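Have a look at the structure below, then the notes.
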There are 2 protein chains.
Amino acid sequence: MMEAMGRVTLQTIADEVGVSRMTVSNAFSRPDQLSADLRATILAKAAELGYAGPDPTARSLARGRAGSVGILFTDTFSYAFEDEVAAGFVGAIAAELAPTGSAITLLTSDTTADFVPARDVALDAAVLYACNDDSGAIDWLVRRRLPLVFVDHRPRPGYDSVNIDDREGARLAADHVIGLGHEHLAVLTTAHGAEAGFVSAPFAATHVVSEQRLLGWFDAIHGAGLDAPVVQAPKHGDPADAIALLWELDPRPTAIVCFSDVAAAAAIRAATEYGLVVPDDLSVVGFDGTQLAAWSQPSITTIRQDVAAKGRAAATLLGERMTGSTKRARRIVLPVELVVGDSTAPPPTQR
Amino acid sequence: MMEAMGRVTLQTIADEVGVSRMTVSNAFSRPDQLSADLRATILAKAAELGYAGPDPTARSLARGRAGSVGILFTDTFSYAFEDEVAAGFVGAIAAELAPTGSAITLLTSDTTADFVPARDVALDAAVLYACNDDSGAIDWLVRRRLPLVFVDHRPRPGYDSVNIDDREGARLAADHVIGLGHEHLAVLTTAHGAEAGFVSAPFAATHVVSEQRLLGWFDAIHGAGLDAPVVQAPKHGDPADAIALLWELDPRPTAIVCFSDVAAAAAIRAATEYGLVVPDDLSVVGFDGTQLAAWSQPSITTIRQDVAAKGRAAATLLGERMTGSTKRARRIVLPVELVVGDSTAPPPTQR
DNA sequence: ATGTCTCACTGTACCGGTATAGACGCGCTG
DNA sequence: CAGCGCGTCTATACCGGTACAGTGAGACAT
């Protein structure tokens with residue numbers, strides 16, 4: 001077993017055993033096509049030669065199946081995975097896809113000069129997760145005519161999509177504090193690359209998710225005959241600056257509805273540092289229903305979304321697309337639910 | 001441009017334009033090999049035909065390069081990504097690899113009957129992240145003779161590895177509380193699939209990381225002439241049961257050193273529910289230096305590891321392996337650092 | 001004895017690209 | 001004007017498998 005021989009392929013083994021290459025292929029891929037004895041002989045020789053099985057790339061080419069589906073993020077991965085929601089989604093979809101024999105390949109929009117993952121990586125399908133519409137990577141994926149599922153993304157005509165009921169969730173969040181008697185609400189939202197500052201409504205939300213949540217909050221706020229200032233924090237970075245702006249307002253808000261649990265946690269920290277007690281002086285509502293919300297001190301009232309269900313839904317749609325039954329595009333919208341924690345209470349004046 | 005035609009390949013375009021297939025290939029992959037005019041013509045025709053570029057799978061086969069490196073986790077992904085440390089590592093390595101033109105493929109040890117990701121997915125190399133040694137997936141990767149880097153894993157002879165100085169970190173953690181005057185310490189560790197309960201030292205740690213941390217804690221504890229009970233919690237699941245066991249002890253521990261920040265946060269919650277005040281009645285030290293530790297209330301004294309550096313180191317080693325300069329296996333051990341938070345203080349008797 | 005089946009294995013033609021070594025025409029030099 | 005180098009394009013031979021349509025031998029029914 002000298003190391004001098006080149007690469008061991010099916011042919012190498014075929015020659016050694018004295019059968020055709022096809023028979024060796026069958027020994028690995030279609031055991032019922034040859035006698036058990038011969039198969040054992042072949043497998044033994046393969047083991048002896050250190051052959052680990054048919055080359056995945058070659059097999060992919062011949063079978064026309066890459067064995068992996070891509071997930072495209074707009075953010076760099078470092079951000080994508082700092083986010084409990086995104087990470088949970090990836091986990092769920094990966095778990096769901098595993099039994100079907102697909103791995104998950106992470107795709108960035110980051111385009112190095114000559115390497116564009118969305119164009120150059122072998123894929124059977126792809127999930128677009130919360131991407132900006134203007135991401136060039138989406139175009140490549142579309143051009144490749146891959147089965148695509150858009151998740152937390154503005155649905156595209158002709159393509160499947162999975163969303164949660166962001167608008168309804170935001171409405172529930174705002175209705176909750178309004179129901180507690182609050183009249184001075186503030187909205188804390190985030191936007192990619194934005195500066196901390198006030199935003200006027202009607203606002204140009206950069207992304208469907210923020211857009212829908214803004215709409216939902218104001219469904220409730222305007223519905224109650226109220227209005228509310230909106231502050232915006234950079235999506236990645238400390239929202240503290242944005243939150244600080246709220247303390248200057250007169251009247252100071254007694255409740256803040258936030259884009260995410262992370263933002264809510266930051267708001268609670270900022271409030272505490274400023275000397276306010278949550279929920280006595282200030283109510284805070286998050287969004288997503290993460291562990292952070294549950295474990296935070298005080299626990300955060302939030303809108304729970306089922307991240308695992310989102311992953312399963314995406315996987316199911318992908319499965320249906322890949323098995324070819326070309327149906328109309330399906331749009332799935334998952335429900336959300338208010339989870340009351342300890343971060344909300346009636347406003348100070350009413351206590 | 002009827003849809004009736006089959007798949008569009010280089011040949012299709014070559015025929016349409018009236019050049020050889022090779023020239024079309026060059027138009028996409030080696031622009032300097034043909035005149036700008038012809039290239040423009042070819043690209044135009046390709047666009048017209050909806051050809052997105054050379055098929056990645058075929059190109060991989062011909063070039064002998066898959067364009068993706070695998071990351072193997074022992075856990076299911078759902079768990080892997082719930083973990084801030086694991087998620088951060090994936091993010092860092094992905095970011096580091098992107099410029100080299102490699103995507104990241106997630107591999108599980110979960111082996112469906114006929115699909116073994118570690119065997120069947122096209123890969124140029126792989127990172128093994130905190131895997132159990134007995135994972136069959138590792139063997140497949142080894143058999144394929146892929147360049148491999150073991151991260152947070154017991155180093156394998158002949159292979160590169162990246163670890164942090166777990167033992168030193170644990171020693172620092174225990175030394176810190178011992179230095180504060182604590183004499184009754186307890187150790188909270190975790191093990192895959194374990195039941196909540198006391199473990200005796202010398203203990204059979206299932207994994208290098210827990211093993212090294214245990215050794216480190218006891219370096220300090222024994223070094224100070226003390227001893228300490230060790231409770232073990234299931235790796236995934238609520239450590240509350242394990243922690244509750246500590247309240248029964250006499251004397252009750254005044255300090256707990258924990259396997260992770262997550263475990264430390266759980267310990268603080270459990271202690272608070274039990275009626276203890278951290279750090280007045282009980283000191284708690286975590287491990288990892290996550291955001292959770294920083295944001296927790298009180299902030300958690302912890303041992304910081306540089307997750308991003310770990311990712312970069314792994315990516316660098318992979319790069320070196322893949323470019324072929326076959327050197328001896330390299331073992332990188334990254335330093336750790338004590339970060340003092342608000343969860344540790346002198347023991348109650350000394351106050 | 002003949003026809004028909006099934007089982008086990010083989011031959012051939014792809015899958016869709018890329019590497020490499022030429023072929024050809026052209027302007028430049030000596 | 002032969003000789004040379006260069007810029008363009010082409011021909012051929014892989015890359016390492018798999019699908020599918022045989023082929024031949026033995027089992028079995030007629």
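Because the structure is predicted, anything quoted here is derived from the model rather than measured. Just so you know, these numbers use all the heavy atoms, side chains as well, and skip hydrogens, waters and symmetry mates. We name chains A, B, ... by the order of the sequence lines, and we start the count at 1 in each one.
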**Prompt:** Just how far is it from atom CD of Glu96(B) to atom CD1 of Ile93(B), taken to the nearest 0.5 Å?
**Reply:** 8.5 Å
Measuring from the side chain of [X] (C-beta onward, heavy atoms only), which nucleotide among [options] has the closest atom?
| X | options | result |
| --- | --- | --- |
| Tyr51(B) | dG17(C), dA19(C), dA8(C) | dG17(C) |
| Ser29(B) | dT18(C), dG16(D), dT18(D) | dT18(C) |
| Thr23(A) | dC9(C), dT10(D), dG16(C) | dC9(C) |
| Ser20(B) | dG16(C), dT10(D), dG17(D) | dT10(D) |
| Met22(A) | dG16(D), dG17(C), dT10(C) | dT10(C) |

**Message:** Would you say CZ of Arg330(A) has more than 12 non-hydrogen atoms from neighbouring residues, nucleotides or ligands within 6.0 angstrom?
**Reply:** no
Grab the [atom1]-[atom2] distance between [X] and [N] for me, whole Å please.
| X | N | atom1 | atom2 | result |
| --- | --- | --- | --- | --- |
| Arg21(B) | dC9(D) | CZ | C1' | 15 Å |
| Asn26(B) | dT8(D) | CG | P | 12 Å |
| Asp120(A) | dG17(C) | CG | C1' | 13 Å |
| Asp32(A) | dT6(C) | CG | P | 15 Å |
| Arg63(B) | dG16(C) | CZ | C1' | 13 Å |
| Arg59(B) | dG17(C) | CZ | C1' | 9 Å |
| Leu10(B) | dC15(C) | CG | P | 13 Å |
| Leu61(B) | dT18(D) | CG | P | 12 Å |

**Fill in**
Per nearest nucleotide of DNA chain D, the residue lying toward the 5' end, Leu38(B) or Ala58(B), is Leu38(B)
**Request:** Could you tell me whether the phosphate oxygens of dC9(C), OP1 or OP2, come under 4.0 Å of any side-chain nitrogen or oxygen in Ser35(A)?
**Result:** yes
**Message:** Does dA19(C) have OP1 or OP2 under 4.0 Å away from a side-chain N or O of Arg30(B)?
**Reply:** yes
**Prompt:** In terms of side-chain heavy atoms, does Ser68(A) have a donor or acceptor partner in Thr105(A) at a distance below 3.5 Å?
**Reply:** yes
**Polar side-chain atom of Asn163(B) near backbone of Ile332(B) as donor-acceptor pair, under 3.5 Å** = no
**Message:** Check whether Asp124(B) reaches the backbone of Arg65(B) with its side chain - one donor and one acceptor, N or O, closer than 3.5 Å.
**Reply:** no
**Message:** Categorize Leu34(B) for me: base, sugar-phosphate, or nothing, with a 4.0 angstrom heavy-atom threshold over every strand shown.
**Reply:** sugar-phosphate
